[in-house]
Amino acid sequence: MRVIVCNDYDEMSKKAAKLVASQINLKPNCVLGLATGSTPVGMYQELANLNHAGEVDFSEVVSFNLDEYYPISRENNQSYYYFMQQQLFSKVNIKPERTHIPNGEVEDPDEECKRYEALIQEHGGIDLQILGIGQNGHIGFNEPDENLNSLTHLTDLTESTIEANSRFFQSKSEVPTKALTMGMATILKSKKIVLLASGRAKHKVVAELLTSDINTGIPATMLKVHPDVVLICDKEAYSSMYLGVDIGGSSVKFGIIDEEYNLIYKDSIPTRISQPAEVIADDIAKMCKKIMAKYPIVGIGVGAPGSISGKIITEASNLPFRDFPLAEILEKELGIPVELNNDANCAALAEATIGTKAKNMLMITLGTGIGGGIVIDRKIYSGLGDAGEIGHMCIQADGILCPCGQRGCWEKYASVSALVEQMQAAAKENKDSLLYQMIQENHEMVDGKLIFSAIKQGCEVAKAVFDKYLDWLTVGIRNVIMIFRPETVVLAGGITTEKELLLKPLIERVASDVPIKISKLQSDAGVVGAALLARD
Ligand code: F6R
């Protein structure tokens with residue numbers, strides 16, 4: 001399905017009218033499939049203008065309308081017969097005998113449906129079908145159902161369609177509950193299909209149409225099997241989507257957000273850290289391509305650990321990226337703009353935008369290292385390029401050597417990896433402790449959360465390790481609060497969800513009027529923030 005996004009309703013109507021006019025100019029006796037409803041009104045007016053200006057001639061055109069209420073008389077000003085006379089047929093030089101609309105006055109609707117279907121086929125089928133879309137995804141009056149009827153048929157209207165169409169009637173009770181409609185196969189046999197959608201009310205269904213697999217619950221998705229469908233919609237109806245990529249030590253996460261910041265898709269692939277940077281970049285590009293084939297992605301944002309300079313990862317502690325122009329490579333490969341930033345900065349941006357929504361905040365992510373993101377006036381503060389690397393602030397002169405080359409970095413004491421090392425060292429010295437026993441049992445699966453179970457089961461050794469760990473965490477948080485005085489400090493990372501043993505005692509120790517909160521987005525923060533980079 002090709003998508004054309006127009007600025008507004010007027011532009012959409014003019015584009016659609018041009019397409020119809022070209023079809024008529026190409027084949028003057030073509031068969032048009034026409035829709036009613038509010039969406040095509042502007043297109044019909046534009047066609048009338050073109051007809052008057054002598055730019056298109058309807059005299060040989062044949063038309064078949066999609067549907068008609070049942071039962072309804074032609075004189076009823078809500079009948080589609082009446083609508084078509086008012087909106088198009090009375091304004092252009094089409095011959096009345098060449099226009100066809102299912103007859104809502106007949107006694108035998110099934111007979112009428114057969115007649116109508118046969119008549120379309122006698123005319124060689126429809127050359128160009130115009131469609132609108134219902135808020136529930138209906139096409140014509142093919143309402144969502146387990147099975148869709150393929151040929152022209154009598155159908156019951158759903159409650160949501162009756163509700164949506166009640167705007168044209170005096171009251172909801174006057175809306176007919178049945179209709180005669182072309183079936184899905186009748187529509188899909190058309191040589192070309194133009195689907196129109198306009199306005200905020202269609203935003204949700206257009207997003208569903210573009211992102212869902214073919215299913216009868218959203219009949220419009222059936223159009224995806226047709227080789228020549230163009231969706232012409234205005235900006236209000238169209239949902240631009242942004243892809244976030246969050247590169248981590250063990251996996252690369254992918255997530256899509258829509259314009260309302262909803263995370264509508266999530267997936268991940270393993271990070272092949274033993275491979276060269278080019279291979280990882282290729283893995284990422286392949287996955288992006290797969291996603292872009294299905295979703296209308298208009299921009300990509302990438303969050304990566306380490307130092308970033310523009311489109312280049314200058315250094316990433318646990319990954320093989322050194323002066324690697326990842327964003328440039330992806331842009332070339334994928335043909336859309338790619339933004340790059342530090343992963344903790346991305347997480348901070350997500351929290352500031354849709355999580356805690358603080359204007360000035362600090363984000364601290366506890367994981368393999370400690371990541372930091374500084375948000376000032378809702379923008380990431382980058383300094384000369386890579387500000388916010390708070391995990392490498394020195395808290396101990398002549399302390400533990402860090403892979404960054406400096407000694408005493410905060411993350412060597414207060415990251416989750418540091419906590420695991422501290423647990424393992426204490427367990428070795430206390431082989432009769434529960435902590436030792438638990439580490440032995442869990443072998444290589446030891447993570448930061450294990451200490452909480454040991455403490456909860458009364459292990460004094462674990463308690464002492466964690467008390468010391470909290471001291472290190474407190475020192476760093478106090479320092480950054482002193483420097484920035486943010487509205488809030490947000491913590492993210494697996495262990496931070498432990499309220500009783502981590503958050504409560506930490507708040508007591510830091511003893512500041514600056515609130516310390518837990519990330520609302522947690523493990524999604526990075527990928528959502530990366531997508532926000534692309535959006536903003
Ligand atoms: C009309 C039709 C319906 C409408 C749809 C959208 O002939 O078949 O499927 O296209 O209900 O209606 P509007 O344009 O009023 O939002």
Side-chain angles (χ1 to χ4, degrees), residues 6 9-10 12-13 16-17 20 32-46 63-70 72 76-89 99-104 113 116 120 126 128-145 148-149 152-169 172 175-184 186-188 190 193-206 208-209 216 218-223 229 231-234 236-238:
C6 304
Y9 179 75
D10 201 40
M12 178 199 80
S13 303
V20 177
L32 296 181
L34 300 176
T36 58
S38 49
T39 314
V41 169
M43 177 191 76
Y44 290 146
Q45 184 52 51
E46 187 57 23
S63 77
F64 282 93
N65 262 77
L66 272 169
D67 41 20
E68 176 61 283
Y69 288 120
Y70 185 83
I72 201 159
N76 186 325
N77 61 8
Q78 291 312 326
S79 73
Y80 287 171
Y81 178 88
Y82 190 91
F83 174 99
M84 287 311 295
Q85 308 306 319
Q86 294 291 311
Q87 301 298 338
L88 184 71
F89 298 158
T99 64
H100 305 278
I101 299 176
N103 189 345
C113 291
Y116 199 70
I120 296 172
I126 290 161
L128 174 65
Q129 175 68 57
I130 302 294
L131 295 174
I133 182 169
Q135 286 173 36
N136 63 1
H138 74 214
I139 290 294
F141 276 131
N142 293 281
E143 300 281 35
D145 206 344
L148 298 183
N149 234 310
T152 304
H153 60 283
L154 178 71
T155 186
D156 291 322
L157 301 185
T158 59
E159 204 35 51
S160 74
T161 299
I162 293 173
E163 180 69 47
N165 287 8
S166 63
R167 66 191 197 276
F168 301 116
F169 292 80
K172 198 175 146 189
V175 186
T177 56
K178 290 181 188 295
L180 305 168
T181 180
M182 285 186 194
M184 279 319 292
T186 327
I187 295 169
L188 288 171
S190 316
I193 296 175
V194 173
L195 174 63
L196 302 177
S198 162
R200 209 66 197 158
K202 297 294 168 71
H203 184 263
K204 189 164 168 276
V205 74
V206 169
E208 281 170 353
L209 164 66
T216 58
I218 308 170
T221 57
M222 297 281 157
L223 299 175
V229 180
L231 163 66
I232 309 182
C233 60
D234 58 16
E236 286 203 329
Y238 184 74

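Counting starts at 1 for both ligands and their atoms, following the listed order.
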Please tabulate, one line per pair, the protein nitrogen or oxygen atoms found under 3.5 angstrom from a nitrogen or oxygen of ligand 1, with distances to 0.1 Å, or say none if there are no such pairs.
{"unit_1": "ligand 1", "atom_1": "7 (O)", "unit_2": "T36", "atom_2": "N", "d": "2.9"}
{"unit_1": "ligand 1", "atom_1": "7 (O)", "unit_2": "T36", "atom_2": "OG1", "d": "2.8"}
{"unit_1": "ligand 1", "atom_1": "7 (O)", "unit_2": "D67", "atom_2": "OD1", "d": "2.8"}
{"unit_1": "ligand 1", "atom_1": "7 (O)", "unit_2": "D67", "atom_2": "OD2", "d": "3.4"}
{"unit_1": "ligand 1", "atom_1": "8 (O)", "unit_2": "D67", "atom_2": "OD2", "d": "2.5"}
{"unit_1": "ligand 1", "atom_1": "8 (O)", "unit_2": "G140", "atom_2": "O", "d": "3.4"}
{"unit_1": "ligand 1", "atom_1": "9 (O)", "unit_2": "H138", "atom_2": "NE2", "d": "3.4"}
{"unit_1": "ligand 1", "atom_1": "9 (O)", "unit_2": "G140", "atom_2": "N", "d": "3.3"}
{"unit_1": "ligand 1", "atom_1": "9 (O)", "unit_2": "G140", "atom_2": "O", "d": "2.7"}
{"unit_1": "ligand 1", "atom_1": "11 (O)", "unit_2": "H138", "atom_2": "NE2", "d": "2.7"}
{"unit_1": "ligand 1", "atom_1": "14 (O)", "unit_2": "S38", "atom_2": "N", "d": "3.3"}
{"unit_1": "ligand 1", "atom_1": "14 (O)", "unit_2": "T39", "atom_2": "N", "d": "2.9"}
{"unit_1": "ligand 1", "atom_1": "14 (O)", "unit_2": "T39", "atom_2": "OG1", "d": "2.4"}
{"unit_1": "ligand 1", "atom_1": "15 (O)", "unit_2": "S38", "atom_2": "N", "d": "2.8"}
{"unit_1": "ligand 1", "atom_1": "15 (O)", "unit_2": "S38", "atom_2": "OG", "d": "3.0"}
{"unit_1": "ligand 1", "atom_1": "15 (O)", "unit_2": "R167", "atom_2": "NH2", "d": "2.9"}
{"unit_1": "ligand 1", "atom_1": "16 (O)", "unit_2": "K202", "atom_2": "NZ", "d": "2.6"}

*Which word best sums up how the rings of Y69 and F169 line up, parallel for under 30°, tilted for 30 to 60°, or perpendicular for over 60°?*
perpendicular
*asked:* Which label fits Y116 and F64: parallel for a plane angle under 30°, tilted from 30 to 60°, or perpendicular past 60°?
replied: perpendicular
*With sequence neighbours excluded, what pairs up with R167 under the salt bridge (charged side-chain N to carboxylate O under 4.0 Å, His left out) test?*
none
*Is the closest side-chain donor-acceptor distance between E143 and T161 under 3.5 Å?*
yes
*In chain order, what residues pass the salt bridge (charged side-chain N to carboxylate O under 4.0 Å, His left out) check against E208, with sequence neighbours excluded?*
K204
_Partner residues of D145 under the salt bridge (charged side-chain N to carboxylate O under 4.0 Å, His left out) criterion, sequence neighbours left out_ = none
